[in-house]
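Notes follow once the structure below has been shown.
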Amino acid sequence: MAIHSVYTLSKDDPEARNWLSFVRRHGYPRLANVVIERVFWLEGEIKLESLMPLLVNSLHQTASPRSQLDPSLGPIVEIAYRPAVTDPETPSILAGARALGENGLEFARLSRRYQFSGLNDAEARRIAARFIYNHVVERIREPGEAVTTLHPKGRPDPVGTITLLGLKDEELVALSQARSWYAPLSQMRAIQAHEQVQGRPHTDAEVEILAQSWSDHCYHTTWKSLGLLKRLSEATARINHPLVVSSFKDNAGGMEFEDGWVVTIKGETHNFPSSIAPFGGIATKHGGVIRDTLGFGKGGYPIGGTTIMGTMDPHLPEEETPAGALHPQLIVSESIRATAYYTNPMGIPMMHPIYRCHPGYAKCFALGHSLGLIPKKYALKDSPRPGDVALLIGGATGRDGIHGATASSTGMTGETLEKESAAVQIGHPITERRFTSAIPVLRDQELIRTITDLGAGGISCAAGEMGAETGVRMNLDAVPLKDQSLSAWEILLSESQERMLVAVAPEKLAEVESILDRYEVAHSVLGHFTDTQRLEGFWRGQKVVDLEMSFLWEGCPIDPTTVAKPERRLTPVAIPEPRTAADWSGAVRRVLTHYHCADQRAAGSRFDSTVQGRTAVGPYGGKNHDMPTNIYVSAPLRGKLAGVMTTVAFNPFYGDVSPGAMARLMMIEAITKAVVAGADYHQMVLCDNFYTPRVRPDTAWDLREMVETISDLSVELGTPFISGKDSSSGTFEAGGRKIDVPQTLVVAAVGRIADVHDVVTKEFKRPGNRLVLVGRVDADALGGSVYADTFGQRGDRLFDVYDAASIRAQWDALLKLHAAGGYVAGSAIAEGGVFLRLFEAALGSGFGARIQLDAFPPGRRDGCLFGEFVGSVLIEVPSDTNLQERLAGIPFRLIGEVVAEPGLALIDQGKVVWEMQVEELAESWRQTFREVVE
Amino acid sequence: MSQATTSILYAPGTNCHEETAAAIESAGGKAELVLLRDLIDGRVRLNTFQAMVVPGGFAFGDHLGAGRIFATMLVARLRDQLVEFLEAQKPVLGICNGFQVLTEAGILPGRSPGKRAMALLENQSGHFEDRKVRLLVSPEKCVWTENLAGETLSMPTAHAEGRPMFCEADSSRAVFHYSDEHGKPTLEYPHNPNGAPGGVAGVCDETGLVLGLMPHPERAALPAHYSQDGLKLFKNLVKWLNQ
C-alpha cells in the first residue's frame, strides 16, 4: 500500500527554544539552535490535500512532501516509535481522517526530526538518547530507511518453562538476580518446593507472577515482617472514628463528607522509575495514583492531586552526581514537565506542589496524592461472583513497565539506569481521561460489581487480587496489544498505564460495552471469574498459568527482620548569632533563598489549580496570587459551601536527628496547618507515605519507631490514618558508595469544613492588628531547621516537646477562637520559622510588620525567628480580642503588629536592629527556584 | 414554552464541561451536556439548543494541535448544523480549549466553518501557565459582555497555547485584555500570561454573538470561588436568551 509522508514546521516554536536553553544548560553550551520538524507517515489510498487541514494549520505551519530542514545547518536526529509499537496519536489521526471522509487511510505514524546546529552528529545522538526519547518504545530512525508498511509487527517469544529442582541456594540467588526477579532465597526455595509438589516445572509466566506478587512493593514483606501494617491499622480500628468509611483495605481510604458523599485520599510513591527516567516515572506516578481513586469502591472521581519531590540539591555541581544517577536538576525539571503533561489534561486541580532536597536522595522521592469523591452507597466494593466477566478497559498493553514491581522493591545501583529501563512506563493522559468520564456513569447505573486499577504487576496482579476468593480464568489472546512482540508472561506483567479491570455481571455486559463505546473507551473481555480458586491463563492454545490462589497469596515466606538501635553521631548546632543589621540581612537571605523556603511558583504555576471549578483556596493566594497558602480548600459539591481542606507535611531534615520525633512532628504539622485555617481535627483523617532506606537492623529500628510513634499518637489525638503506602528501597549503591535516603514520612491531612468562607488564610488583613505567637517556643532547638542547614549543620536537638494532651488543648483553644472570629489571619510554624510566615503574610497583603524580639523568652535571637516550632501558630488578632480569656492556659505571646508600610522590622529593647522592604526580600526569594527550572 | 437550553459540547479529553454547566445554572440558565459523538451519530441535533458553549480541556489529547481534531470533526461532520446554528443568530462561547476549537474550525472570527483566520499559538514561556488574571472589558459590542465595558474582571487562566496570532483576513474584535494592577492592558508577564500581542485575551466575531476567550469565567462564578466575576458573562447569556 502507498506510503505518503508530510513534513511540517512551525513558524514560531517556543518548544524548540525551550529545548535550546535546556540542552545548553545540560552540558552543551555550544548548541546554537534547535529546529523541530514533524513528519506524518500515512499508509493507504488517500487524497493528501483533503487531509491537510487535519495535519497542519497553514496560518502558522508549513507542510511539504520532503524535509524542509537544510542538512548543512547541523545534524538531524529523527525519533520514531519502534515498529512494533503503536503511536499514541495514531487513533486520533485515523479518526480525524475518517471524519474528513478519507476512509482509505489504513495506518498513520509520526516521527520528529530534531536539528541541533553547532554540534556534531554523535553529540546530537547523545542528546536525543539522554533527553528526548525512551529506547523501550522509541528509536532513532536512520536516514534513507526503507518503509514497506506502517502496521505494527513483531513476533513474540514462545512460552518457556523454568525448573528450579536441584539448584543450590547460591544458584537460586544468582538466577533471581539475573532474571530481575529480586526474590530473596526464601521465596526462591518456596517456589522450588512448590514445583516439587505440583510435579511439573513452572512456566516462565508463573515464576514471574510469583516473584512480582511477593515483591516488597506488592506484598509489603518488610512491613509484614515487622508487624507494622497491623500496628497502624489496629490504631485506626481502636479510634473507631464515626466518619471513617473505609481504611487500609481498598485502593484509597474514605471519610464521610456530607449529603451522602465520601471523600477519599491516597498517596503513592514512584521513586524508582522517577530516578532513572523522570519524565515517564513522574507522569505515571500521577496516572497511577489517580487510578487508585477511580478504583476505590465502585469507582471514585479524582478532585485534587499533589506532586511532592525529594531530590539531591539541584545546585549540586555536575561532577558530584553519583555515578549512575541523574543530576537532580534534570530530575526536578523533567518532573515538572511530566506533572504538567499528565495532571493538566486529566483536569485535576493541583493542591500541593512541593519540592525538597536532601543529600541522601540519590534515589529520588516522588510522591503524588489523589483526593477523590464518591457517593457513600458506592464506597464499598462487592466481591466478584463465579461467572462474572473480567472486563479490561482503557489502553492497550505494551512492553513498558515490565518488572516495575520487582525493580522498585530493590535498591538502586549504578547499573540500574541501563538494566531496568524497560521498567519505566509511558503515560498517555487522554486514555485515562476517557475512562475517568465513563466510570461514574457505569457506577451510577449500578453496572459495576467491583473495579480496580492495573498498577504494579499489571493484569496478573489485578486479576489475581480481584479473583483471590473465587478464581479467575484469563484469555490472554483477547488483550489488545500495542506491541505485537509481547510474549505471554510479558502480557501478564506489563505495567502499561491507563488500564482498569472491572467485574461485571454477565447480563449487564452489553450495557456496559455500549456506554464505553459512547465514551470511546476501548474494552475487551479478559475472562471470567470461576469457583476453582485458581489463577488460570491461556495464550495461543496453551495453558500458561495455573496457580492455586492460596499459594499465590499465602505462600510467600516472610523472612524475620533483625532490629538494632542505630548509633547516630550528632553534634550541636554551632552558628554565630547575628549582631549587626548586616548579619541579620545575611541570616534572613539564607533562609528565604533556601530551596525549601523559596518561591516555587516556577514549578507550581505550570499546574492547573482551578480546573473542575471546585477550588475555593488554591496553593497560591494573597493579593497578587504569589503567596504560598500551605492549604488547599475544595468545595466538592458545586453550589454548596461545605469544604474539604488538605494539608501536607514533609521535612527530610528532621529524620537525620530523630526519626521518631520527625514522625510525630509531621503529624502535628499537617494537622496544625489545617486547624489554624479553621478545620477541626475531630473531623480529620490522615494519609502516611514512608520512604526509607533498604532494610538493615538499624534502618528497621527507625522504621518501627516511626510507625509505632504515629500509631500511638493517632490514638491519643483521635485522628486516624486511613490510607498509606510504604517503600523500603531508598538506598543507592554505586562505586562502593552507599547512599541512604533520609528517613522520610509525608503526612497528608484531610479535614471537613462547614463553610469555605470561614477559612482563615495567611496574609495580613489590617494595619494596627496584633501579631500573636500561640504555642511553645524554644529558640535554642535549631536541630533539623532550614536555618541550620544553610550552615551545613543538622544539630542534635529538634524542637519537639509536645504531649498529645497539651497540643489538643492548644488546637481546641484555637478552634474556639476561630469560631468566635477571634483572629483574621493565621499560619502554622514550619520550615523557615516565624520569619517565613511574616514575610509571606506581608507579601500576600502589601502590608508589613514590626516584631519585638524581646517579646520572646530568653534564648538565641535568631532562634526566635528561624526556629521551627512545629505545632505553634502565628495569628493576626484585632486589637479588641481578649486573648487572656480566650487562650487561658495556653502559652502565647504578643510579638508585634501589622503596619501599613510594606516592610519588616525587628526591634530589640526599643531599637530597630534590622529592617527591609518586602519587595527587596521577595526578589531574593524568587531567584533560587527559578534558577533550577529556567 | 420550555426554558432556552444551552448545549455544552464535550468530547474525550474535554474536562471543564461540568463546571461550565454549573456556572450557567448558577446564572439562572439551563444547560445540557452534549457528547460530540452523539451529535455526529445523529442522536442529538444542535438546532434543539438556543446557545452553545465549547468548554475547556484537552479534547482528543490536543493531538496534532490544540483543538484540531475536535474542530475537524465539527467542520467535516457537522458543518450544516453549525451553519444553521450560526445563521439563526444564536450565541456561541469558546472557553480556553473551546476557543482553540472555534479558531481551528474557522467559526471565530469569520463565522466560516473551514476557513481559519486566526490562531492561538504556544505561550511565549513555552509552557502551561496557571494564573489569576485581570481582564479589562472593551466597549466592543458583544452579547456576552453587555454593560460590562470598562470593568476589570478577575478570573483564572490555565493553558499552554493561548497567544493569539492575527492575520490579514482576520476580522476579530478584541473584547478582553489582560491588565496590570492598575487595570491597564499589559504585555508584562505574568499579568499577561502568554505574551498575547496587545494583551488580547478574548475576541468576538462581527455580530458580537460568538465569543472566545482563554481565561475561565466558569471558575469564577460560584459563591465558593475567589471571584464571581465570570458569572457576569453567563448572566448576560441568560438575559439575552430570555429577551
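Just so it is clear: chains get the letters A, B, ... in the order the sequence lines come, proteins before strands, and each one is counted from 1. Computed over heavy atoms, backbone and side chain alike; hydrogens, waters and symmetry mates excluded.
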Pair A/Ile336, A/Phe607 - check side chain to side chain contact (heavy atoms under 4.5 Å, CB included), show working.
CA-CA 9 Å; A/Ile336 293 167; A/Phe607 317 135; 3.9 Å; yes

Does the pair A/Tyr632 and A/Met350 meet the rule for a side chain to side chain contact (heavy atoms under 4.5 Å, CB included), with working shown?
CA-CA 9 Å; A/Tyr632 179 84; A/Met350 177 55 69; over 6 Å; no

Working note: B/Lys184 + B/Asp180, criterion salt bridge (charged side-chain N to carboxylate O under 4.0 Å, His left out); need CA distance, chi angles, decisive distance, verdict.
CA-CA 5 Å; B/Lys184 292 261 173 349; B/Asp180 61 19; over 6 Å; no

Please evaluate residues B/Leu93 and B/Leu213 with respect to the criterion side chain to side chain contact (heavy atoms under 4.5 Å, CB included), reporting the C-alpha separation (whole Å), side-chain torsions for both, the decisive distance (0.1 Å), and the verdict.
CA-CA 8 Å; B/Leu93 173 65; B/Leu213 79 166; 3.8 Å; yes

Going through the checks in order, is the salt bridge (charged side-chain N to carboxylate O under 4.0 Å, His left out) test met by B/Glu19 and A/Arg638?
CA-CA 8 Å; B/Glu19 56 268 39; A/Arg638 295 193 184 91; 3.7 Å; yes

Start with the C-alpha gap between B/Arg219 and B/Cys16, add the side-chain angles, then the distance that decides, and say whether side chain to side chain contact (heavy atoms under 4.5 Å, CB included) holds.
CA-CA 9 Å; B/Arg219 304 183 192 179; B/Cys16 304; 3.5 Å; yes

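Between A/Arg614 and A/Leu373 the shortest side-chain heavy-atom distance falls below 4.5 Å. Taking 4.5 Å as the limit, some side-chain heavy atom of B/Val54 sits within range of a side-chain heavy atom of B/Phe70. Residues A/Asp626 and A/Asp599 fail the side-chain proximity criterion, which asks for heavy atoms closer than 4.5 Å. In this structure the side chain of B/Leu237 reaches within 4.5 angstrom of the side chain of B/Trp144, judged on heavy atoms. For the pair B/Leu78/B/Met73, no side-chain contact is recorded, criterion being any heavy-atom separation below 4.5 Å from C-beta on.
The most heavy-atom pairs under 4.5 Å with chain A, out of B/Asn15, B/Thr20, B/Leu35, come from B/Asn15. Per-residue heavy-atom pair counts under 4.5 Å with chain A were compared for B/Glu25, B/Glu218, B/Arg134, B/Arg163, and the maximum is reached by B/Arg163. Among A/Thr615, A/Leu55, A/Val617, A/Val56, the residue with the largest count of heavy-atom pairs under 4.5 Å with chain B is A/Val56. Note on A/Arg601, A/Met346, A/Lys640, A/Gln612: by heavy-atom pairs under 4.5 Å with chain B, the leading option is A/Gln612. Among the candidates B/Leu222, B/Asp38, B/Ile69, the residue making the largest number of heavy-atom pairs closer than 4.5 Å to chain A is B/Asp38. Note: A/Ala616 leads A/Ser634, A/Ala616, A/Gly639 in heavy-atom pairs under 4.5 Å with chain B. Contacts with chain B were tallied for A/Val756, A/Ile348, A/Asn624, A/Ile93; A/Asn624 has the most, counting heavy-atom pairs under 4.5 Å. Note on B/Arg68, B/Met165, B/Glu181: by heavy-atom pairs under 4.5 Å with chain A, the leading option is B/Arg68. The most heavy-atom pairs under 4.5 Å with chain A, out of B/His216, B/Arg37, B/His127, B/Arg131, come from B/His127. Among A/Leu100, A/Asn18, A/Val611, the residue with the largest count of heavy-atom pairs under 4.5 Å with chain B is A/Val611. When each of A/Glu520, A/Gln61, A/Arg434 is scored by its heavy-atom pairs under 4.5 Å with chain B, the top score falls to A/Glu520. Of the listed residues B/Ala117, B/Gly65, B/Ala76, B/Gly195, the one with more heavy-atom pairs under 4.5 angstrom with chain A than any other is B/Ala76.
Looking at B/Ala22, the atoms closer than 4.5 Å to chain A (heavy atoms on both sides) all sit in the side chain, from C-beta outward. Heavy atoms of A/Arg337 lying under 4.5 Å from chain B are absent altogether. Contact annotation for A/Ala95: both backbone and side-chain heavy atoms come within less than 4.5 Å of a heavy atom of chain B. Using a 4.5 Å cut-off between heavy atoms, B/His159 makes no contact with chain A at all. In this structure, chain A has a heavy atom under 4.5 Å from the backbone of B/Ser125, while its side chain stays farther away. Heavy-atom distances place both the backbone and the side chain of A/Glu15 under 4.5 Å from chain B. With a 4.5 Å cut-off on non-hydrogen atoms, A/Pro345 touches chain B through its backbone and its side chain both. With a 4.5 Å cut-off on non-hydrogen atoms, A/Tyr519 touches chain B through its backbone and its side chain both. Both the backbone and the side chain of A/Ser609 have a heavy atom closer than 4.5 Å to some heavy atom of chain B. At a 4.5 Å heavy-atom cutoff, the contact between B/Leu64 and chain A is made by backbone and side-chain atoms alike. Contact of A/Phe40 with chain B is made through the side chain alone, with heavy-atom distances under 4.5 Å. Only the side chain of A/Arg17 comes within contact range of chain B, with at least one heavy atom under 4.5 Å from a heavy atom of that chain.
A centroid separation of 6.0 Å or more is found between the aromatic rings of A/His286 and A/Tyr342. If you look at B/Tyr226 and A/His625, their ring centroids are closer than 6.0 Å.
The environment of B/Lys232 atom NZ is dense: over 12 non-hydrogen atoms of other residues, nucleotides or ligands sit within 6.0 angstrom.
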